[in-house]
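What follows is a single structure, written as structure tokens, with notes after it.
Just so you know, ligand 1 is whichever comes first in the structure, and atom 1 is the first atom listed for that ligand. This is a predicted model, so every value here is computed, not measured.
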Amino acid sequence: MHHIVAPTDTADALLLQRRGCELGYIVQTVEQGRRADMPDAATVASCWQAGAAIMLPGLLDLQPWQAEVEQSHRLMETTLETAEVSPLLEQQPYSDRLSTHFPLVASSFEEHDEQAIEKVYFDAEVNAKGETACVAEELWCKASWLSFIEADASLRYRFSFGMECMEDVAADPARQKWAGRLCDAIFPESAVITENRVIIDLLKPVLGGMPAFVERIVYFNAPNGGAQMHHDVERGHDGVVYGQISGSTFWLALGKQILMDELIRFVGDKHNCHEIERLLPDTDARKQLHALMTDRCALSAYMDEFDHELVEAIMDRSASFTGQLVKHGYGFLLTPGDVLLMPQRDLERCVWHSVIALDDEPGEALSFAVRKHNAQKANIEESQIEKP
Ligand SMILES: [Fe+2]
């Protein structure tokens, strides 16, 4: 579908570059039929069960949300300029959108977290019979840099609640729902995913019920930015829905078992000797890498370690390996309106993915985790309120 080409053919070629590391070229597909077709429901269900990435091309109708998308771009630019978020959220249009249900209660510059810009706390309130009641506390929107690299201006706004890394967010679907509503209030264009009939109808059978969009992140991937190869497995959600809102991104996305097959194939191919020597100049490191490729269980466990430099060198810094994955059909070029579904069932059956920003300025993307809506726990509160 997409091909890495020699740099001499640069007419339609885009350089894949992340944090100073060049990962080859990709030909922008312009010909009919070279873009993925919209898969049918049976294909989506079988791919989801198999833990494979699924692209839904051109699905999102962004036209009705242009004003909101432009406003979000301004929010991102001002966050970049001022390295603050709360003063912006106290101005229009945010003060109006937030005032009814989400009083801003506190803010923190998160001195302990070098990547953090600002974390802004809100309560959720409802008004019933003339009385205001607080229904969820300590919801937050946290703006963070995506990397420590000065030349990478990528940032994200993450929505959750309670003590980060300590709270079992999955155990509180009602509060999860309110954190999602807070995201709706600040980024109303979220509705292109959360109220998308096609996405809901595709996810319902695979989740076994109505989807709830939780643990939301709004990304602005800047030139030279993106994300290294990783998975998003977490207790309490089944996968991630990614929607490209503006700008374009290049993705490698594939199930973990296939990724291991590809690594084993790459390391075992003698044509890649020089590339592996370049990536891992230390002889012992290369010996360890080759040993890992002979023991699938050890490789799988190693990939799940926080530090997995031996395979990270190949997955994130090799144009040859990127080319191999693209050749085998695991490269995706996402433009505004495209969606990528990434099941994340468990550590063995999950989609690993890496992202590269392609444009000259930051583009917006929505990345929402999905789980089956828990009617019993979340509906009691919801039935009492109208949507903000
Ligand atoms: Fe991810």
What's the atom name of the N, O or S in Asp232 nearest to the Fe ion (ligand 1)?
OD2
Answer yes or no: is there an ion pair linking Arg278 with Glu275, defined by an N-O contact shorter than 4.0 Å?
yes
Minimum-distance N/O/S atom that His353 presents toward the Fe ion (ligand 1):
NE2
Between Lys119 and Asp113, is the closest basic N to carboxylate O distance under 4.0 Å?
no
With a cut-off of 2.8 Å, does any N, O or S atom of His230 fall short of it relative to the Fe ion (ligand 1)?
yes
Salt bridge or not for Lys256 and Asp346, using N-O below 4.0 Å?
no
N-O pairing of Asp269 and Arg265 below 4.0 Å:
no
